[in-house]
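For reference, the structure is listed below as structure tokens.
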Protein chains: 2
Amino acid sequence: MLDDLVVRILAEDGDAALRHVGLGMLLATAHNQSREGMNDELRPLDVDVRGLSMLLALDLYGPSSQRRLIDLSGIDKSTMVRIIDELEDGGLVRRERAPQDRRAYSITLTPEGERTLASARRVAVDVGERLFGWLRPDERDQLVGLLRRLAEHTAPR
Amino acid sequence: MLDDLVVRILAEDGDAALRHVGLGMLLATAHNQSREGMNDELRPLDVDVRGLSMLLALDLYGPSSQRRLIDLSGIDKSTMVRIIDELEDGGLVRRERAPQDRRAYSITLTPEGERTLASARRVAVDVGERLFGWLRPDERDQLVGLLRRLAEHTAPR
DNA sequence: TATTGTTATACTCTATAACTATA
DNA sequence: TATAGTTATAGAGTATAACAATA
């Protein structure tokens, strides 16, 4: 159930300030709850959504330096160090020195990383069905389209 | 611009795991960027979106105990202490002991709190126009409707 | 000089648990 | 004994800046 305050704020549809604040509150609730729902189910696999997104990036783009993962994802470089540390500690990726540039690593999925990725994908399907599966396909496309444009329009100037 | 990784993930429309992860990434980006955009402009007024939401609650519901603000907003009680501390430090609210229950406060907007609320509402209108004003009214209604249902469906079980 | 990655540090947001004062 | 509020603490998540190794 939505909290009384946001319902009350959304009810004042004639007030532009409240419309904007209400939309922000809905974004916050939808985001926080869906991230928590996903992380809760991923926890037994010892990954979170950020770790999963890096496993996916390595699967989609192949072995990559941290610099490349940063460019692909927009994640801050010190945050990236910690994400890769956690994945390495869990045995899911290896840091190998890149032969052509000894400053850089080549981050590669280990066999266990591949297996964990496969499990995490199944978890993402199941949790995603619960979180988003009630949306009709056309509603989902609408939502993705609106959020995509929102993400572009809210980008820092 | 959206990062390459989320674009790539969203492009794999046939893959259920990637569809769900991609939607989560869009929610995160839209939420984080819009909150930052709003907080950046509210900063000169010495409030953030959470403080503003409490000023709005006090305006909409009248003087209230912290307990009531917690029930209205779903915010944790130790977090509420700090939000009210900040507002009180800024002279925007006063803690008065509730006459009928001396454990509780009656949090009231000060005249300066009313003035700051009026300014913050104007800021919210301006920033909201930039963040959300490009949405057609029917698209905005669609988005609010979808996010509302999303917030209900993603609520912790 | 510039770039890759690391570390130290700090700031935001949130939550838990132990505490006080009243009821 | 239960409730309103406080404090200490900790945990995510993120960002900044100084640094080492390499280009």
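Pairing each heavy atom of B:I107 with each of B:L58, the nearest pair is O-CD2, 3.5 Å.
Distance CZ (A:R35) to P (C:dA15): 11 Å, rounded to an integer number of Å. B:I83 has its CD1 atom 15 Å from the C1' atom of D:dT6, to the nearest Å. When rounded to the nearest whole Å, the span between CD1 of B:I70 and C1' of D:dA4 equals 8 Å. Residue A:D89 contributes atom CG, which lies 14 Å from atom C1' of C:dT6 at whole-angstrom precision. Rounding to whole angstrom units, CG of residue B:L27 and C1' of D:dG13 are separated by 17 Å. Counting to the nearest Å, the C1' atom of C:dC13 and the CG atom of B:N32 are 11 Å from each other. Taking atom CG on A:L42 and atom P on D:dG13, their separation rounds to 11 Å, with Å as the unit. One can place CE of A:M80 at 15 Å from P of D:dT16, the figure rounded to the nearest angstrom.
Residue A:R95 is classed as a sugar-phosphate contact, given heavy-atom separations below 4.0 Å to backbone atoms only. The residue A:D48 sits close only to the backbone: its heavy atoms come under 4.0 Å of sugar-phosphate atoms, none of a base. B:N39 comes within contact range of the sugar-phosphate backbone alone, with a heavy-atom separation under 4.0 Å but no base atom that close. At the heavy-atom level, B:D85 lies nowhere under 4.0 Å from the strands shown.
Of all nucleotides listed (D:dG5, C:dT4, C:dG5), C:dT4 comes nearest to the side chain of A:D101.
For A:N32, the CG atom counts as densely surrounded, since its 6.0 Å shell holds more than 12 non-hydrogen atoms of other residues, nucleotides or ligands.
Taking 3.5 Å as the limit, the base of D:dT6 and the side chain of B:S78 contain no donor-acceptor pair of atoms between them.
Phosphate contact (OP1/OP2 of C:dA23, side-chain N/O of B:Q100, threshold under 4.0 Å): absent. Distances shorter than 4.0 Å separate none of the side-chain N or O atoms of B:R103 from OP1 or OP2 on C:dA23.
A:I75 places none of its side-chain heavy atoms less than 4.5 Å from the side chain of A:L69. Counting only heavy atoms from C-beta outward, the side chains of A:L10 and B:R148 approach each other to under 4.5 Å. The shortest side-chain heavy-atom distance between A:T29 and A:V6 does not fall under the 4.5 Å cut-off.
Residue order along DNA chain C, read from the 5' end via each residue's closest nucleotide, puts A:K77 first among B:P99 and A:K77. Comparing B:T79 and B:R97 along DNA chain C, the residue whose closest nucleotide (by nearest heavy atom) sits nearer the 5' end is B:T79.
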